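First up is the structure itself, then whatever we jot down about it.
What you see is a predicted model; the values in this text were computed from it and never measured.
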Amino acid sequence: KAGVTQTPRYLIKTRGQQVTLSCSPISGHRSVSWYQQTPGQGLQFLFEYFSETQRNKGNFPGRFSGRQFSNSRSEMNVSTLELGDSALYLCASSLVEGGTNNEQFFGPGTRLTVL
Amino acid sequence: GDSVTQMEGPVTLSEEAFLTINCTYTATGYPSLFWYVQYPGEGLQLLLKATKADDKGSNKGFEATYRKETTSFHLEKGSVQVSDSAVYFCALSNNAGNNRKLIWGLGTSLAVNP
């Protein structure tokens with residue numbers, strides 16, 4: 001069974017640009033969560049999608065958005081990039097909503113560098 | 001709000017040494033507690049979990065006991081190996097209300113020398 005895949009693995013952008021990251025969950029998983037990982041702030045929850053609906057949202061500005069498609073694949077978009085958006089963006093999938101008592105499976109992440 | 005505090009790293013040990021990584025939490029209600037591990041260049045993997053007080057999670061020689069009285073979930077291993085070198089994250093999830101997201105500690109880097 002293939003794991004969670006994220007594309008691209010690395011991205012370099014400049015301030016003001018926008019970026020779209022993609023995540024394909026494990027087959028059969030319907031919940032996808034996104035996290036931002038930085039050395040100073042650790043892992044911070046961005047949002048969770050289940051059945052194409054955003055179910056939960058972290059404390060990030062509106063520049064961060066996402067969506068989920070009918071095949072459970074998810075994308076996140078960051079507009080008007082800032083230097084502080086440089087981070088490893090992790091996607092996690094789980095069988096059911098919430099991913100709390102249900103194990104979350106993480107992808108390798110997309111390393112975004114904003115210059 | 002809910003929070004997780006981990007001991008700061010890096011932690012450097014020799015092979016076969018005893019490992020403890022401290023984790024304490026603040027949460028309302030009865031959260032579930034997790035330890036995740038991130039090996040170099042890889043995503044996070046669930047190492048172990050405990051869903052109620054006094055539960056002990058264990059995997060690959062690692063153990064952690066959910067202590068509600070001390071709000072702690074310390075990770076231990078009796079004899080570490082070089083292959084255990086990684087970053088370890090403590091996390092909680094709290095089903096109180098609609099807050100179902102995972103709350104993470106900042107991670108503790110472990111380096112095991114041969």
Atom OH of A:Tyr10: over 12 foreign heavy atoms under 6.0 Å: no
Pair listing, disulfide (SG to SG under 2.5 Å) test, anchored in residues 18-87 of chain B, at least two apart: B:Cys23-B:Cys90
In terms of heavy-atom proximity below 4.5 Å to chain B, should A:Gln6 be classed as side chain, backbone, both, or neither? neither
Turns out that what part of B:Gln45 lies under 4.5 Å from chain A's heavy atoms comes down to neither
Using side-chain heavy atoms (C-beta onward) and a distance below 4.5 Å, is B:Gln38 in contact with A:Leu43? no
Does anything in residues 105-115 of chain A pair up under salt bridge (Lys or Arg N to Asp or Glu O under 4.0 Å), and if so which pairs, sequence neighbours excluded? none
Got a second to check how far B:Leu46's CG is from A:Phe105's CZ, nearest 0.5 Å? 8.0 Å
For the atom pair CD (A:Gln104) and CZ (B:Phe34), what is the distance rounded to the nearest 0.5 Å? 8.0 Å
Does any heavy atom of chain B fall under 4.5 Å from the side chain of A:Tyr35, the backbone, both, or neither of them? side chain
For residues A:Phe45 and B:Leu102, report the shortest heavy-atom separation together with the two atoms involved. CB-O, 4.4 Å
Does a sphere of radius 6.0 Å around CG in A:Asn59 hold more than 12 heavy atoms from other residues, nucleotides or ligands, not counting ones at 6.0 Å or beyond? no
Is it true that, when you exclude B:Gln81 itself, more than 12 heavy atoms of the residues, nucleotides or ligands shown sit nearer than 6.0 Å to its CD? yes
Should the heavy atoms of other residues, nucleotides or ligands under 6.0 Å from CD of A:Gln54 be counted, would the total exceed 12? yes
